[in-house]
Structure formats: C-alpha cells, structure tokens
*Asks:* 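Would you mind keeping the following structure in view while I ask a few things?
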Amino acid sequence: MTDTQTTTHDLSQLQHVSYALNNGVAELILDRADVHNAFDEVMISEMISVLGYFATHKDCQVLVLKANGKNFSAGADLNWMRKQAKMDFEQNLNDAKALAKLMQNLDRFPKPTIALVQGAAFGGALGLICASDIAIATERASFCLSEVKLGLIPAVISPYVVRAMGNHASRRYMLTAERFDAQTALKLNVIHEISDDLDAAAKPIIEALLANSPQGMAWVKTLLSRLEDGVIDQDTIDYTSERIARIRVSTEGQEGLNAFFEKRQPNWQQAHSTKSTPNDTQGAH
C-alpha cells in the first residue's frame with residue numbers, strides 16, 4: 001500500500017529519525033530533540049524511507065510512531081520555512097508533494113500504526129497523529145494548527161485532520177489557531193486515550209494487534225479507506241460482499257477459521273510466540 005521500498009543499506013545514514021524492530025513491533029522515532037523534532041525536508045524523506053522499509057518487512061506486524069525528547073513535534077523547522085519562502089511555485093509544489101506522500105504512506109501503511117504523543121504536537125505533527133490508526137497522548141500534550149498565524153493553511157494535512165476531527169471542529173481550530181489540550185483532543189477524536197506512561201498504555205493494544213491476522217488487519221484498513229465517503233449504494237454492497245467472500249477462501253482466512261474450530265492458535269500467533277530476540281535496530285535510544 002506504500003510505493004516506497006527501501007533496503008537496510010538505504011537507511012544507514014539517517015540523520016533525523018531512527019528505527020527499531022523487536023518481536024514484530026517496529027518503531028519509527030523522530031530524533032531531533034534539540035529542535036523539538038521539527039519537520040524539514042530531510043526528516044520527511046527519511047520517514048518515507050523507513051515507512052517503505054517496514055511496509056514490506058515480513059517481521060513487522062505493528063508500527064509505533066514516537067519521538068525522543070520533551071515534544072512529539074513542534075511542526076515545521078524554521079530554517080526549512082526560510083527556504084520555502086525563497087522557493088518559486090514549482091519548488092514549493094514539489095516540497096509539498098513530499099509531505100503529502102509522507103502523510104499518505106502513513107495513512108495507507110499496510111499494518112496497524114500507533115502514535116505516542118508527548119509535549120507539543122503542532123502543525124504537520126497533527127497530520128501524522130490523525131493519519132495513524134491509534135493515538136495515545138500524555139495529559140500535558142498540547143496541540144495546535146497554527147498555520148493561519150503565518151498567513152498559510154494546513155493544506156496537506158487537512159484531509160487527515162478533518163477526517164478525525166470533523167469539518168465543524170476543524171473550522172474552529174484551523175481558523176483560530178488556538179492551542180488545545182489532551183482532553184480536548186480526546187473529545188475531538190484526534191487521540192484515543194490519555195496516559196502519562198505511553199509505553200504502558202500501548203502495551204495491551206500492541207498485544208491485541210499481534211494476536212490478530214496480519215492479512216485481516218491489512219484488509220480492514222483497505223476496507224475502511226474505501227468506506228470513508230459514507231455512501232451505502234449497490235457498489236458498496238457488492239464490494240463488501242466480495243471482500244468477505246474473498247478473505248474466507250484465502251489461505252489466512254482458512255487458517256483462522258480452522259484454528260477456531262480446532263481450538264488451537266492460528267499459525268500467525270504461533271509464529272509470534274516463537275520470537276524472543278530483537279530483529280533490527282538503528283539508532284534507537
């Protein structure tokens with residue numbers, strides 16, 4: 001579902017992110033704590049590369065998006081913004097398309113994704129959170145769509161933010177550029193849970209995801225993407241009927257059904273239970 005495939009060699013020179021893979025759980029870590037994990041073109045490119053790597057990695061079953069330091073991300077890097085101000089339209093368009101690709105690749109990542117959010121989550125950071133399947137934030141996390149203060153708009157991230165918050169709430173927070181807290185983010189469906197121990201809060205969710213059919217979860221994400229417009233017509237009925245019939249006769253669907261009736265673990269759970277050592281790590285802290 002992502003169009004980027006990356007080898008380990010391509011990830012050997014990462015500057016602004018790091019990654020790890022342990023027992024089926026991949027981590028993509030924003031690693032510019034000295035500038036509050038602000039976005040620039042290098043970070044965006046590196047995130048796209050790591051997402052592409054894990055999208056096709058056979059041992060990756062869940063992706064956790066997290067950040068080092070006190071803040072998840074303060075939004076756009078100031079030096080990057082200065083460059084943008086000097087770019088012409090075509091250069092700005094290419095720059096924006098890179099960020100759009102990052103958001104789309106995270107949104108369409110073929111495995112479950114969990115965002116763990118602490119501190120500031122401004123601008124593009126909200127796009128990452130809303131493009132993730134599950135989001136957990138600390139009580140003191142702070143959110144803001146501040147673009148209009150600079151004469152700009154949250155354009156590239158808007159499809160994901162509006163999908164999460166709804167149009168009416170998006171109008172308020174995109175127009176006012178108000179900061180809002182974790183409790184408000186919870187009410188607005190930007191996050192699913194509040195916890196000051198992010199790893200502990202994520203643990204039971206990760207365990208639940210690891211117990212599920214990898215194919216089933218991937219197909220659920222595709223199904224939900226197809227149903228986003230909310231239209232229930234004959235095409236929708238035909239599509240959903242075809243999907244359930246198709247997965248019932250698939251290898252993994254057959255394995256899941258047979259395991260249930262035979263009162264045993266399906267093979268994907270057995271495979272996970274045999275793993276006990278780290279698979280792949282780069283620059284994780």
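Residue indices begin at 1 and follow the sequence shown.
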*Asks:* Taking atom types as modelled and ignoring hydrogens, do the side chains of Ser170 and Asn167 form a donor-acceptor contact shorter than 3.5 angstrom?
*Replies:* no

*Asks:* Are the side chain of Thr113 and the backbone N or O of Phe109 linked by a donor-acceptor pair below 3.5 Å?
*Replies:* no

*Asks:* Kindly state each residue pair satisfying ring pair (Phe, Tyr, Trp, His ring centres under 6.0 Å) with at least one member in residues 136-163, sequence neighbours excluded.
*Replies:* Phe143-Phe180

*Asks:* Keeping Ser250 on the side-chain end and Ile247 on the backbone end, is there a donor-acceptor pair under 3.5 Å?
*Replies:* yes

*Asks:* Keeping Lys70 on the side-chain end and Gly119 on the backbone end, is there a donor-acceptor pair under 3.5 Å?
*Replies:* no

*Asks:* Quick one: which residue pairs count as a salt bridge (charged side-chain N to carboxylate O under 4.0 Å, His left out) with a foot in residues 123-148, not counting sequence neighbours?
*Replies:* Asp133-Lys221

*Asks:* At their closest point, which heavy atom of Leu106 faces which heavy atom of Leu128, and how far apart are they?
*Replies:* CD2-O, 3.4 Å

*Asks:* Who passes side-chain contact (heavy atoms from CB on, under 4.5 Å) against Ala164, sequence neighbours left out?
*Replies:* Cys130

*Asks:* Is a donor on one side and an acceptor on the other found under 3.5 Å between the side chain of Gln91 and the backbone of Asp88?
*Replies:* yes

*Asks:* Are Trp219 and Met217 linked, directly or through other ILVMFWY residues, by side chains that come within less than 4.5 angstrom of each other?
*Replies:* no

*Asks:* Using the side chain to side chain contact (heavy atoms under 4.5 Å, CB included) rule, pick out the option among Glu46, Arg32, Met81, Lys83 that qualifies with Asp40.
*Replies:* Arg32

*Asks:* Any side-chain donor-acceptor pair under 3.5 Å between Asp238 and Gln234?
*Replies:* yes

*Asks:* Work out which heavy atom in Gln215 is nearest to a heavy atom in Gly253; give both atom names and the distance.
*Replies:* NE2-N, 4.1 Å

*Asks:* Is the backbone N or O of Asn71 less than 3.5 Å from a side-chain atom of Asn37, with the two atoms forming a donor-acceptor pair by type?
*Replies:* yes

*Asks:* Going from CD on Gln15 to OG on Ser45, what distance comes out if it is rounded to the nearest 0.5 angstrom?
*Replies:* 10.0 Å

*Asks:* As an exercise, state the distance from OG of Ser18 to CG of Asn68, rounded to the nearest 0.5 Å.
*Replies:* 5.5 Å

*Asks:* Identify the two heavy atoms, one from Pro112 and one from Leu209, that lie closest to each other, and give their separation to 0.1 Å.
*Replies:* CB-CD1, 3.7 Å

*Asks:* Val148: which residues meet the side-chain contact (heavy atoms from CB on, under 4.5 Å) condition with it, sequence neighbours left out?
*Replies:* Ala177

*Asks:* Using distance alone, with no hydrogens and no angle criterion, decide if Asn92 and Gln84 have a side-chain donor and acceptor under 3.5 Å apart.
*Replies:* no

*Asks:* Using 0.5 Å steps for rounding, measure from the OG1 atom of Thr222 to the CG atom of Leu227.
*Replies:* 10.5 Å

*Asks:* Looking at every non-hydrogen atom in both residues, tell me the closest pair between Val231 and Asp233 and how far apart they are.
*Replies:* CG1-OD2, 3.6 Å

*Asks:* Would Leu30 end up clustered with Val42 when hydrophobic side chains under 4.5 Å apart are linked, directly or stepwise?
*Replies:* no

*Asks:* Could you tell me if the side chain of Ile48 sits less than 4.5 Å from the side chain of Lys101, heavy atoms only?
*Replies:* yes

*Asks:* Evaluate Arg82 against Asn79 for side-chain contact (heavy atoms from CB on, under 4.5 Å), listing each step before the verdict.
*Replies:* CA-CA 5 Å; Arg82 289 189 183 99; Asn79 290 325; 2.7 Å; yes

*Asks:* Sub-3.5 Å donor-acceptor pair from the side chain of Gln118 to the main-chain atoms of Asp196, do we have one?
*Replies:* no

*Asks:* Describe, in one word, how the ring planes of His57 and Phe54 are oriented to each other, choosing from parallel (under 30°), tilted (30 to 60°) and perpendicular (over 60°).
*Replies:* tilted

*Asks:* Should we say atom CG of Leu175 is surrounded by more than 12 heavy atoms from elsewhere, each under 6.0 Å from it?
*Replies:* yes

*Asks:* Could you check whether any side-chain heavy atom of Val17 comes within less than 4.5 Å of a side-chain heavy atom of Met43, counting everything from C-beta outward?
*Replies:* yes

*Asks:* Is any side-chain heavy atom of Val190 less than 4.5 Å from a side-chain heavy atom of Met165?
*Replies:* yes

*Asks:* Considering the options Ile194, Ile191, Val117, Leu198, which one meets the side chain to side chain contact (heavy atoms under 4.5 Å, CB included) requirement together with Thr138?
*Replies:* Leu198

*Asks:* Without swapping roles, check the side chain of Glu193 against the backbone of Ile136 for a donor-acceptor pair under 3.5 Å.
*Replies:* no

*Asks:* Is the closest side-chain heavy-atom distance between Leu21 and Cys60 below 4.5 Å?
*Replies:* yes

*Asks:* Lys111 vs Val62, test: side-chain contact (heavy atoms from CB on, under 4.5 Å). Steps then yes/no.
*Replies:* CA-CA 6 Å; Lys111 300 150 191 189; Val62 177; over 6 Å; no

*Asks:* State which residue, out of Leu65, Asp199, Ile29, fulfils the side chain to side chain contact (heavy atoms under 4.5 Å, CB included) condition with Leu116.
*Replies:* Asp199

*Asks:* May I ask whether Ile157 and Leu152 are part of the same hydrophobic cluster, defined by side-chain heavy atoms of I, L, V, M, F, W, Y residues being less than 4.5 angstrom apart, directly or through others?
*Replies:* no

*Asks:* How long is the span from the CD1 atom in Ile114 to the CD1 atom in Ile129, to the nearest 0.5 Å?
*Replies:* 14.0 Å

*Asks:* What pair of heavy atoms forms the shortest contact from Gln269 to Ala211, and how long is it?
*Replies:* NE2-O, 2.8 Å

*Asks:* To the closest 0.5 Å, what do you measure between CG (Leu11) and OH (Tyr53)?
*Replies:* 7.0 Å

*Asks:* CZ of Arg246: more than 12 outside heavy atoms within 6.0 angstrom?
*Replies:* no

*Asks:* For Arg163 and Asp107: C-alpha separation, side-chain torsions, deciding distance, then whether salt bridge (Lys or Arg N to Asp or Glu O under 4.0 Å) applies.
*Replies:* CA-CA 12 Å; Arg163 182 180 62 191; Asp107 184 58; 2.6 Å; yes

*Asks:* Would Val220 and Trp268 show up in the same hydrophobic cluster when neighbours are defined by side-chain heavy atoms closer than 4.5 Å?
*Replies:* no

*Asks:* Which heavy atom of Phe122 sits nearest a heavy atom of Ser142, and at what distance?
*Replies:* CE2-O, 3.5 Å

*Asks:* What's the verdict on side-chain contact (heavy atoms from CB on, under 4.5 Å) for Ile44 and Asp95, showing C-alpha distance, side-chain angles and the deciding distance?
*Replies:* CA-CA 10 Å; Ile44 290 168; Asp95 198 62; over 6 Å; no

*Asks:* Under the side-chain contact (heavy atoms from CB on, under 4.5 Å) criterion, do Leu102 and Val156 qualify, and how do the steps go?
*Replies:* CA-CA 10 Å; Leu102 169 61; Val156 169; over 6 Å; no

*Asks:* Please check: side-chain N/O of His192 versus main-chain N/O of Ala135, any donor-acceptor pairing under 3.5 Å?
*Replies:* yes

*Asks:* Can you name the salt bridge (charged side-chain N to carboxylate O under 4.0 Å, His left out) partners of Arg172, sequence neighbours left out?
*Replies:* Glu178

*Asks:* By side-chain contact (heavy atoms from CB on, under 4.5 Å), which residues pair with Pro159, not counting sequence neighbours?
*Replies:* none

*Asks:* State plainly whether one hydrophobic cluster holds both Leu145 and Val162, where clusters connect Ile, Leu, Val, Met, Phe, Trp and Tyr through side-chain heavy atoms under 4.5 angstrom apart.
*Replies:* yes

*Asks:* CG of Leu99 to CG of Asn94: how many Å apart, nearest 0.5 Å?
*Replies:* 13.0 Å

*Asks:* Look at the side chain of Glu27 and the backbone N and O of Val64, then say whether any donor-acceptor pair between them is shorter than 3.5 Å.
*Replies:* no

